[in-house]
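Here the structure is laid out as C-alpha cells; the discussion comes afterwards.
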Amino acid sequence: MSNLNVELGAKLNTNKIKILGIDLPIFLGVAAIVLIGVYMEILPQNIASGMAVAMVLGGLFMWIGDKIPVFNTFGGGPILCIILPALFLYWGWLPESLAVLTDNFYNEFGFAELVVTGLIVGSILSMDRDLLVKVGVRFFVPLIGGVIAALCVGGIVGHLLGFGFAETIFFVAGPIMGGGMAAGAVPMSEIYAASGNGDPGYYLAKLAPAVMVGNMICILIAGAFNGLGKRKNMPKWFSGDGKMLRVRNEKEEGAEKESKFPISINNLIIGIVIALALYIFGRVVADIIPTFHSYVYIILGAALLKIFNVLPNHINDAAGEWYEFISSAWVPAVLVTISAGMIDFKSVLELATDPSYMTLTVLTVILAAVAAGFVGMFVGFYFVESSIAAGLGMADMGGSGDVAVLSASERMGLMPFLQISSRIGGALVLVILSILAPILL
C-alpha cells in the first residue's frame, strides 16, 4: 500500500503543470510580482527589467497557445506571443511604458544581436558540412524566383484592382520584400525621396504599415505550413521537417540534430564566446566593407569556418548547444518584445479595413512563398523549407521577423537562410527599386 502511495505521488508530481520548468503556483507568484512592477510603472529601463517581463509573458503565452487543440499545430504559442502583447497595449490593458521597455530591451540593449547571432552561428556550425555546401550553392535560385513573382505579378494584380502597378510595387510589394524596417523601409524611403516629391518621413509613413502587416501574414502562413507539414497524407516533397535538401542518402539527411539535454555549462561558455567572436568579426568587416549588413558577414564567417573544418567538433557542438539554449529559453521572450515594442496594432487594424490594400499585401506574401517553394523544388529543396527560407524570409520584418516566422514554423535551424534572404535578398530589392523609382515614381 505504501509503495502504491509512493507511485501515485510520483505520478502526480510528474503531471504537475509547469511553465518555463516552474511549478504553476510558483510561476503565478513570479508573474504577479513582475506585473505589479509593470502596472506601477516603476521598472527601470535596463536588461534585468526587460528580461523579466519578456520571459514571464513569453512563457505564459507560449504555454497557453501550445495547450489549445488544433491551434497548437499551427504555431499556437508563438502566434499568441506575437499578437497578444500588441493587442493588450492597443486595448490599454498594458501601460505604454511596457512598450518603451521592450523596444529598448530588444533594440537598444543589444538583446537582438545576442539572440540572432547565437541562432545564426549555432545553426551553421552544428550543420552537416556537406549539406551546407550543397544547399548554399543553389539557395539563390528560389530567392530570386520569389522576388520576381512578388514584384511583377503583384504589380499586375494591383493594376487590375485599380490600386496601380507602380503604387503596388513601391508601397506594398517593395517594402514587404525589402528586408524589414531598418534595412529595408528606411533606406527605401530615402531612395523614393530622392526620386519623387516628398521627404523620407512622408514615404516611410506609407511604407511601414505594409512591413508590419506583411510580417503578421508571414507568421500566420508559417504556422499553417507547420500544421500542414505534420499531416501524414501530405506528399513526400512537401515538408522536410526542417531539412532543406531532398536527398536519398541517409548520411546527407542529417542536417538537423536532435536537441541535447541537459546542456553542458562548459559548452554554453564555449558557444557564447564563439558566437560573440563572430559577432565582432561581422561588425569589423561591415565597418571596413559597408556593402552588406554585419549579419551577412557573420553568416559568411561561420560558413567558412564550417566548410574548411577550421574548428574541432567539440567547438561546433558547443555552438549548437548555445543555439539550443536560446531556442528553448529566449525565443518566446523575443516574440513578446517584438510584439509589444515594434508592432502598432492600430496601423494593422486600419489597413485591415482597406480591401484592396489587404488583398495586395496578402497576395504579395503568398506569391513570394509559393514561388520560392516551387522554384526551390526544381533545385532539390522541400517545398515548405524553400518557401519559408527564401519566400517568407524575404517577406517578413527582417531579423525579428525571421525569429517569429521560424518559431511559428518550428524550424529554427533555417535561421542562416532567412538571414541571407532578409539581408542579401533585401539589398537586391533595394537595387531594383532604386533603378525603377526615377522612371515610375
Side-chain angles (χ1 to χ4, degrees), residues 75 116 119-147 149 218 221-230 234-259 295-296 298-300 302-307 316 319-320 323-324 327 368-396 401-425:
V116 175
L119 292 173
I120 292 171
V121 173
S123 55
I124 291 177
L125 293 184
S126 61
M127 188 182 291
D128 179 81
R129 176 184 171 278
D130 294 335
L131 190 75
L132 177 62
V133 174
K134 290 178 180 179
V135 171
V137 170
R138 60 187 86 182
F139 180 67
F140 290 96
V141 177
L143 190 151
I144 293 171
V147 171
C218 285
I221 291 176
F225 275 153
N226 185 40
L228 292 172
K230 291 178 179 178
M234 301 304 290
K236 291 183 179 180
W237 50 260
F238 185 71
S239 171
D241 295 323
K243 300 167 188 169
M244 285 284 290
L245 201 59
R246 287 182 288 122
V247 289
R248 296 182 181 181
N249 189 324
E250 209 169 286
K251 181 183 176 183
E252 293 176 355
E253 288 192 53
E256 191 164 329
K257 299 177 181 179
E258 294 182 2
S259 299
Y295 284 151
V296 174
I298 293 172
I299 293 169
L300 291 174
L304 290 173
L305 288 176
K306 186 67 179 182
I307 291 169
N316 292 330
Y323 160 90
E324 292 281 357
S327 299
V370 172
F374 279 117
V375 174
M377 288 176 58
F378 286 105
V379 292
F381 294 159
Y382 284 100
F383 175 86
V384 167
E385 278 66 27
S386 183
S387 180
I388 291 171
L392 299 184
M394 282 289 297
D396 67 24
D402 293 342
V403 175
V405 163
L406 291 178
S407 181
S409 64
E410 296 182 4
R411 284 164 171 80
M412 275 293 172
L414 298 179
M415 175 59 82
F417 303 110
L418 272 81
Q419 283 293 310
I420 291 171
S421 295
S422 295
R423 305 305 171 185
I424 298 178

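Computed from a predicted structure; not experimentally measured.
Every residue meeting the side-chain contact (heavy atoms from CB on, under 4.5 Å) condition with I144, not counting sequence neighbours, appears here in chain and number order: I148, L428. Qualifying side-chain contact (heavy atoms from CB on, under 4.5 Å) partners for F139, counting only residues two or more places apart in sequence or in other chains: L143, M244, F381, A389, A390, F417, I420, S421. Evaluation of the side-chain contact (heavy atoms from CB on, under 4.5 Å) rule for L300 yields V296, Y297 as partners, not counting sequence neighbours.
Distance check: L414 CG to S409 OG gives 6.5 Å after rounding to the nearest 0.5 Å. Note that CG of L392 and CG of L406 are 9.0 Å apart. Values are rounded to the nearest 0.5 Å. To the nearest 0.5 Å, the span separating OG on S239 from CZ on F383 amounts to 11.0 Å. Here the straight-line distance linking atom CE of M394 with atom CD1 of I388 works out to 16.0 Å at 0.5 Å rounding. Here the straight-line distance linking atom CD1 of I124 with atom CG of L304 works out to 9.5 Å at 0.5 Å rounding. Rounding to the nearest 0.5 angstrom, the gap separating the CD1 atom in I299 from the CG atom in L418 is 9.5 Å.
Of all non-hydrogen atoms in M234 and L228, the two that sit nearest each other are CG-O, 3.1 Å. The two atoms that bring V379 and R138 nearest to each other are O-NH1, 2.7 Å, heavy atoms only. Considering every non-hydrogen atom in both A369 and S387, the closest pair reads O-OG, 2.7 Å.
Not one N or O on the side chain of N316 forms a donor-acceptor pair closer than 3.5 Å with the backbone of S126. The backbone N or O of A372 sits less than 3.5 Å from a side-chain atom of S386, completing a donor-acceptor pair.
Aromatic rings from F238 and Y382 are positioned such that their centres are separated by 6.0 Å or more.
E324 is not listed as a side-chain neighbour of M412, based on a closest heavy-atom distance of 4.5 Å or more.
Applying the salt bridge (Lys or Arg N to Asp or Glu O under 4.0 Å) test to pairs two or more places apart or on separate chains, none has a residue in residues 372-384.
Of the options R411, K243, R246, a side-chain hydrogen bond (donor to acceptor under 3.5 Å, both in side chains) to E385 is made by R411 and by none of the others.
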Fill in: Derivation and outcome, side-chain contact (heavy atoms from CB on, under 4.5 Å), residues E410 and D241
CA-CA 9 Å; E410 296 182 4; D241 295 323; over 6 Å; no

